[in-house]
Amino acid sequence: MRKAGLAVTVAASLVLAGCVSTRQYADVEFAPPQGDYKLLVMRPDVSVGSMTTGGLVEPRADWTESARAKLLAALRAQQAGRGGNVMVLDRRDSLAGVSADSIAELERLHSAVGGSIALHKYSGATLPTKRRKGLDYTLGEDAVALGRRTGYDYALFLHAEDSFASTGRVALQVLGVAGCFVGFCAPNIGLGQQVAYASLVDLRTGEVVWFNLLRSQLGDIRTDEGAGQMVERLLGRMKPGREVRRRERAAS
Amino acid sequence: MGGGIAAASLTTGVAQARIRPNEMVPLIGPGYRAQDVDEKGMWQQMERVEEEISGSNLLIKDPALTRYLGDLIGRVGGPAARDMRIYLARIPEFNAVMFPTGFTVIFSGLLLRMRNEAQLAGVIAHESAHFLRKHQLRQWRDLKRKTDIFSILAMGAGVAGGAAGVYAGDLVRLAEFGTILSLLRYNRVLEAEADAMGVRLLAEAGYDPTEMSRTWAQLIGELDLSAKYRRKRRDRDFSIFSTHPNPEARMADLKISAAEAKQAGRSYDAFRDRYLSATANVRPTLLDDQVKLNDPGASQYVVNTLAKDGWNGMLRFHEGEIWRLRNLKGDELRAGQGYAAAVLYADAPADAWRWHGIMLMKAGRSAEAKLALARYLRMAPTAPDAAFVRQMVAG
């Protein structure tokens, strides 16, 4: 009886381990871009590594390059289907007439702001003064200046991490599961996982208008299919902000 | 459990054999690029880090000083000297860090504390040795190997214990403790390697290698005085949890290594004059940053150490600033004396005259105060507070 109970627990754990979770936030007045709009994609921050037996993630240069290229290709395809006009920055000096320094400063500012959003909206450290305000974060006047100078309507910031279990890590997982049958159960030591976020900044106002964070143990962003899946999960189902949805419900 | 911890300590080892300069040979040569898969991944990450650091507004971007520092790493960087880059960060601490792709960040607090070029070159040589000996990669591999072993043993102990009906948690925790101690010990070994190779690089470049151990004597003195003013005692005990060898041991080892690295009949220099002229422009900023830490013991030690090479108006002025900022009983008098001494030197900064005037005003010597403040206005006519000072002089 005890062993049967353990088997059920193990099965449940293994099923749960395959979950994909996303959670998006939109500013209260956000409407997803449609039709004719211009999108500037900042250079994506991508890192892919191998998870060692001991649980460390060792960065892999070739996997990272492959994943970055696949994600950008998937993003271009997705935006083409959406009708947007997309420019992807390969380097900080890719935009004519805009200095690398000003792009760098915006990227650094966004990494701080994006980190704050991830912390306060997703990790439980909720800010009481920002409750029920949708997203209340801004990149300030520098973002507006960039939009005015270049004519782009939105800037998209992407961050993606993925890791894959080494053979040692997989063996350890197998041993942990096998141990359940002799009374020592460790099935959830963790194999590789994806963490990614996307952040949309309205360059007319400088504000972060939409943010999505993805966690997944499925998929391989080094492949066309895996990268396409991640982009679809991150960007494929943008929801409007609360006020826009309220007006739509009132109109119907 | 006590016995277990003692056993763990014995296993990781507290004492270790000294590493000698002539054993330290570079593991890389000119134009080195990452070789293995893990090294390539590390380099890719570091290239991004360097891009961020090189564009940071924390850097001091004085072209002459940057060239000077680049020349230094060119001299003591060994076979890969041409591949290394050096950045100066405005951080008033005694520190420097080398990254595995060959760029180093020197903190501005070093430029304040080093008394000559040989001492600064010694720090740079130590950091260069980290690159030449591939320390970050070796440390990563050590960490990876030991965490792998620990995971396998911990899982094995759990399964075996489960099969036998025995709880193995205490044993696993003890093994984890031993793994951590072993990782820290390896870190200390790599630091000792960098010290030994640094001495060798320094001597080969014609610098007096004894200056490296004097650097640590100065640091120990500063830490002691800083702690004394805070009515605390600096922790002198060696700890098996330290990531670096303790300063006294480093100083002693460096002294021995310096003697070994010197060749009979060869002359070695400290190049103090070249160092002083190269850093003259930034010295006021460095002193100001240090004093504004409001760590009077450390700041006083730094000022007094620099004064061993001769007092000047800049040092006396900052001596006064130390006490003005601490602002305890009797400090105002000490500060006033500092400013009064400062203005006797030709190189006293404008602010020295300003504060001297204010202190005289407080002491009721208004005629002398007005003369001092008038001198301040002549030196800094567009100072933010010039209008107010003019009122004080006129009134």
Side-chain angles (χ1 to χ4, degrees), chain A residues 2-3 6 43-68 91-93 99-108 111 161 163 165-187 189-190, chain B residues 33-59 61 100-101 136-137 139-169 171-172 175-176 179-180 183:
Chain A
R2 181 160 163 268
K3 286 188 170 150
L6 285 175
R43 182 176 55 171
D45 183 19
V46 181
S47 171
V48 183
S50 170
M51 182 175 277
T52 68
T53 304
L56 310 174
V57 177
E58 177 172 83
R60 288 285 299 264
D62 50 345
W63 294 356
T64 297
E65 289 303 324
S66 177
R68 180 183 288 120
R91 298 187 317 277
R92 284 176 166 162
D93 54 3
S99 76
D101 281 348
S102 54
I103 296 291
E105 283 181 12
L106 208 59
E107 280 181 356
R108 287 174 195 143
S111 74
E161 296 170 34
S163 59
S166 63
T167 52
R169 190 67 175 176
V170 172
L172 207 64
Q173 166 90 341
V174 169
L175 186 59
V177 172
C180 295
F181 297 95
V182 296
F184 175 81
C185 203
I189 62 168
Chain B
R33 300 295 297 174
Q35 307 287 302
D36 302 312
V37 166
D38 53 355
E39 194 174 19
K40 284 175 180 167
M42 183 179 271
W43 273 51
Q44 186 190 55
Q45 277 191 341
M46 290 302 123
E47 276 154 17
R48 188 61 191 260
V49 169
E50 181 169 8
E51 186 182 16
E52 296 304 318
I53 287 177
S54 63
S56 170
N57 57 15
L58 261 187
L59 296 188
K61 288 171 171 161
T101 42
Q136 289 88 354
L137 182 65
Q139 190 174 9
W140 167 252
R141 288 174 174 170
D142 184 66
L143 174 67
K144 193 166 58 164
R145 183 171 56 85
K146 286 170 178 170
T147 53
D148 286 359
I149 292 169
F150 170 73
S151 298
I152 292 166
L153 293 181
M155 185 68 81
V159 173
V166 172
Y167 175 62
L171 186 64
V172 169
E176 182 173 22
T179 302
I180 291 168
L183 291 167

Working to the nearest 0.5 angstrom, can you tell me the gap between [X] [atom1] and [Y] [atom2]?
X	Y	atom1	atom2	result
A:Leu172	B:Met155	CG	CE	4.0 Å
A:Asp101	B:Asn57	CG	CG	10.0 Å
A:Leu56	B:Ser151	CG	OG	8.0 Å

Ion pair A:Arg92/B:Glu52, N-O distance below 4.0 Å: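 Judged by the 4.0 Å cut-off on N to carboxylate O distance, A:Arg92 and B:Glu52 do form a salt bridge.
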
Determine the option with the most heavy-atom pairs under 4.5 angstrom with chain A, choosing from B:Lys146, B:Lys144, B:Gln44, B:Arg48.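 Among the listed options, the one with the most contacts to chain A is B:Gln44.
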
For each of B:Lys40, B:Glu51, B:Gln45, tally heavy-atom pairs with chain A at distances under 4.5 Å, and name the one with the top tally.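 Most pairs with chain A among the choices: B:Glu51.
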
Among the listed options A:Arg43, A:Arg60, A:Glu105, the residue most often paired with chain B at heavy-atom distances under 4.5 Å: A:Arg43

Atom of A:Gly54, atom of B:Asp148 and distance for their closest heavy-atom approach: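 Smallest heavy-atom distance, with atoms named: N-OD1, 2.7 Å.
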
Measuring heavy-atom distances to chain A, does B:Trp43 have an atom under 4.5 Å in its side chain, in its backbone, in both, or in neither?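 For B:Trp43, neither part sits under 4.5 Å from chain A.
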
Quick check on B:Ile149 against chain A: is it the side chain, the backbone, both or neither that has a heavy atom closer than 4.5 Å?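 Neither part; nothing is under 4.5 Å.
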
With a 4.5 angstrom heavy-atom cut-off, is it the side chain or the backbone of A:Ser47 that approaches chain B, or both, or neither?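 Looking at A:Ser47, just its side chain touches chain B.
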
